[in-house]
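Since we're looking at a predicted model, the values are computed, not measured. Numbers restart at 1 for each chain; the letters A, B, ... are given by sequence-line order, proteins then strands.
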Amino acid sequence: MTLPEPIRPTRRHVLDLDDFTRHEIETLLDTAVGMKEILSREIAQVPTLRGVSVVNMFYEDSTRTRISFELAAKALSANVVNFAARGSSVEKGESLLDTMRTLQALGADILVLRHSYAGTAHLLAQHFRGAIINAGDGSHAHPTQALLDLFTLRDKLGTLERRHIVIVGDILHSRVARSNLWGLTAMGAHVTLCAPPTLLGNEQFWLDTWPDLRIVYSLDAALQDADAVIVLRLQRERQEAGLLPSLREYAQFFALSQARLQAALTGMLVLHPGPLNEGVEIAPDVAVSAQSVIEEQVTNGVAVRMALLYHLALHLRQKGA
Amino acid sequence: MSATASEKEILNGDEIRRAITRIAHEIAERNEGVQQVLLVGIRRRGVPLASRIAAVLSNVEGVQVPVGELDITLYRDDLTLRATVPLVRTTRIDTDVTDRVVILVDDVLYTGRTVRAALDALVDLGRPARIQLAVLVDRGHRELPIRADFVGKNVPTSRDEVVEVRLSEVDAGEDRVLIAHSTR
């Protein structure tokens, strides 16, 4: 009758997936299955986290991640406050740590941080008494995006064990790619990275960190035996920085086009963390094709974030008890 | 909760089967048939019990009574008191509960707190015409004003005893209900 330990009892923060075991990820994804059922109800709300305060601290623009966290917290009946750097005391020169201490004094239990600098979530975690969830820090990590990708993939493929997953695009600057690499490898998937060399960086770094990784510079070759492809957003600033000759050339070699989709395995899934640059990294008709699970990723994101909030908030409360 | 030297069997497989059969008949009698009935098992062991009641009703009344599965974890009142965070499982009720006679099914009725949580969970899904409660074992020690409509067996217990229901669908081995002194 003893249930397995649901989630590591020492986990207070979610900063990246690098310290997650497969068992811990599975537990979160299983919890998210139950949460998804709640979201499908007419009254999509349960009373579980009444009295818990969640603050969304967004120092960088975001639509889906912020709204997703907000809906997730509300579905669990937590109090949610949205904090945007713009229009706040940050403009008067308040530092990140001071802002965090202010929110702590105001009774925040969980801080969800989005920031353009890598490491900011780790910094707050060293000082905050509650829980920190990293909602994206620079080019470093985006663990909740990776978890929702894992949820979507597991849901569609049944398992991630030995499945071939391709990540294509601006890998060098992608926090989504990095967190997904930790998560996918923990779950036993085979990962292939595909990018122009200028958007991949030091090949050896990737292979040293994830030894079972495959790096392929031709998208056609990478897709040959892929069960799913995660297409990354190409930021237009990259061309201005001289990393790409032109967006048209990038699209020619690395966009997921209808022709490439047709050449791939039947049923290969198409994922994208959004927002889309249609016609650059993905063709518009591919994004809305039957194989695209981009919309489901967004829905699943709410369920996965509910699962995280549930575990972290209860763990906080239990320690206080 | 391993078995101890002082463990005692209070129901064997046959007795469990007879109790379920009687509960099924009582449900049909109380509700003048089972046309409006929806059985909802409380996870985990309420679910196989609900399925067994449905099987008897299908034989006796010739009606396939729908069965749902209810997970009450998110409605518990002891979430912050426990040592670990309990796992959330999935609620699966494909039939609209509104205007139905919902029979909640669980293995053991004890403090009544699980049933309180189940009632809250259920009314969040709609507005049943009536909710009734069926349990295999009622062991007393209620902490809330809750009683069962259908009981397999009333078992007087002390608080330091543990009632363990084993069902072949979820536990290895035969159906039985045991009572033992808590090893803790």
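- No more than 12 heavy atoms of other residues, nucleotides or ligands shown are found within 6.0 angstrom of CD on E295(A).
- Between T84(B) and Q318(A), the shortest heavy-atom contact is O-NE2, 3.1 Å.
- There is no contact between L49(A) and chain B, counting heavy-atom distances below 4.5 Å.
- Note that the CE atom of M35(A) and the OG1 atom of T90(B) stand 10.0 Å from one another [nearest 0.5 Å].
- Shown here is E143(B), whose CD atom has more than 12 heavy atoms of other residues, nucleotides or ligands within 6.0 Å.
- Remark: R127(B) CZ is loosely packed, at most 12 non-hydrogen atoms of other residues, nucleotides or ligands lying under 6.0 Å away.
- By the neighbour-count criterion of 12 heavy atoms within 6.0 Å, atom CD of E42(A) is sparsely surrounded, having that number or fewer from other residues, nucleotides or ligands.
- Within a 6.0 Å sphere centred on CZ of R22(A), other residues, nucleotides and ligands contribute more than 12 heavy atoms.
- Only the side chain of E37(A) comes within less than 4.5 Å of a heavy atom of chain B; its backbone N, CA, C and O stay farther away.
- Between I38(A) and L74(B) there is a side-chain heavy-atom pair separated by less than 4.5 Å.
- Residues P86(B) and Y310(A) share a closest heavy-atom pair of O-OH, 2.7 Å.
- Looking at D124(B), both its backbone and its side chain come within 4.5 Å of chain A, counting heavy atoms on both sides.
- In this structure the side chain of T48(A) reaches within 4.5 angstrom of the side chain of L79(B), judged on heavy atoms.
- When the shell of 6.0 Å around CD of E169(B) is examined, it contains more than 12 heavy atoms from other residues, nucleotides or ligands.
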